[in-house]
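Below is one structure, written out as structure tokens; comments come after it.
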Amino acid sequence: MKNPKKDDIWLHVQKIPGSHVIIHSNNPSDKTLIEAAKLAAYFSKAKNSANVAVDYLPVGRLRKPNGSKPGFVVFEGQQTIYVTPNRKLVEELKA
């Protein structure tokens with residue numbers, strides 16, 4: 001994570017390895033939240049699935065246990081959104 005604020009929104013696919021996404025806002029629009037969830041789903045091992053659960057919560061609720069592996073975090077109080085990964089969205093963002 002590159003300098004997120006405690007109230008920025010963190011997203012990650014539920015129970016599946018993949019990349020996290022940070023929204024630099026504490027109150028993103030529904031469209032932004034859905035697009036960020038689709039990106040998190042696409043850059044995970046669930047990229048070919050149709051209905052992917054993506055957890056999201058403020059960065060300030062993430063905790064890294066002492067001695068844990070790099071990238072491992074624990075959290076509580078998340079919300080979950082279900083999306084289908086979107087390759088077209090990824091290609092549009094790269095353009």
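Excluded from the calculations below are hydrogen atoms, water molecules and symmetry mates; all remaining heavy atoms, backbone and side chain alike, are included.
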Spacing of S44 atom OG and L39 atom CG [to the nearest 0.5 Å]:
11.0 Å
About how many Å separate CG of D8 and CG of L57, when rounded to the nearest 0.5 Å?
11.5 Å
Would you be so kind as to tabulate the donor-acceptor pairs closer than 3.5 Å made by side chains of residues 29-38, with sequence neighbours excluded?
unit_1: S29; atom_1: OG; unit_2: T32; atom_2: N; d: 3.1
unit_1: S29; atom_1: OG; unit_2: T32; atom_2: OG1; d: 3.0

Minimum-distance pair of heavy atoms, taken over all atoms of V52 and A46:
CG2-O, 3.7 Å
In short, V13 meets A41 closest at the heavy-atom pair CG2-CA, 3.5 Å
Taking only residues two or more places apart in sequence or in another chain, which ones pass side-chain contact (heavy atoms from CB on, under 4.5 Å) with D7?
K5, N26
May I have the list of side-chain donor-acceptor pairs in residues 76-86 shorter than 3.5 Å, sequence neighbours left out?
unit_1: T80; atom_1: OG1; unit_2: D55; atom_2: OD1; d: 2.7
unit_1: T84; atom_1: OG1; unit_2: A50; atom_2: O; d: 2.3
unit_1: N86; atom_1: OD1; unit_2: K88; atom_2: N; d: 2.9
unit_1: N86; atom_1: OD1; unit_2: L89; atom_2: N; d: 2.8

The criterion is salt bridge (charged side-chain N to carboxylate O under 4.0 Å, His left out); which residues satisfy it with E92, sequence neighbours excluded?
none
Would you find a donor on one side and an acceptor on the other, under 3.5 Å apart, between the side chain of H12 and the backbone of V54?
no
Residue pairs, two or more places apart or on separate chains, that pass ring-ring contact (aromatic ring centres under 6.0 Å, His included) and touch residues 32-67:
none
Is any side-chain heavy atom of P4 closer than 4.5 Å to a side-chain heavy atom of W10?
no
May I have all residue pairs that pass side-chain hydrogen bond (donor to acceptor under 3.5 Å, both in side chains) and include part of residues 57-74, sequence neighbours excluded?
K64-S68
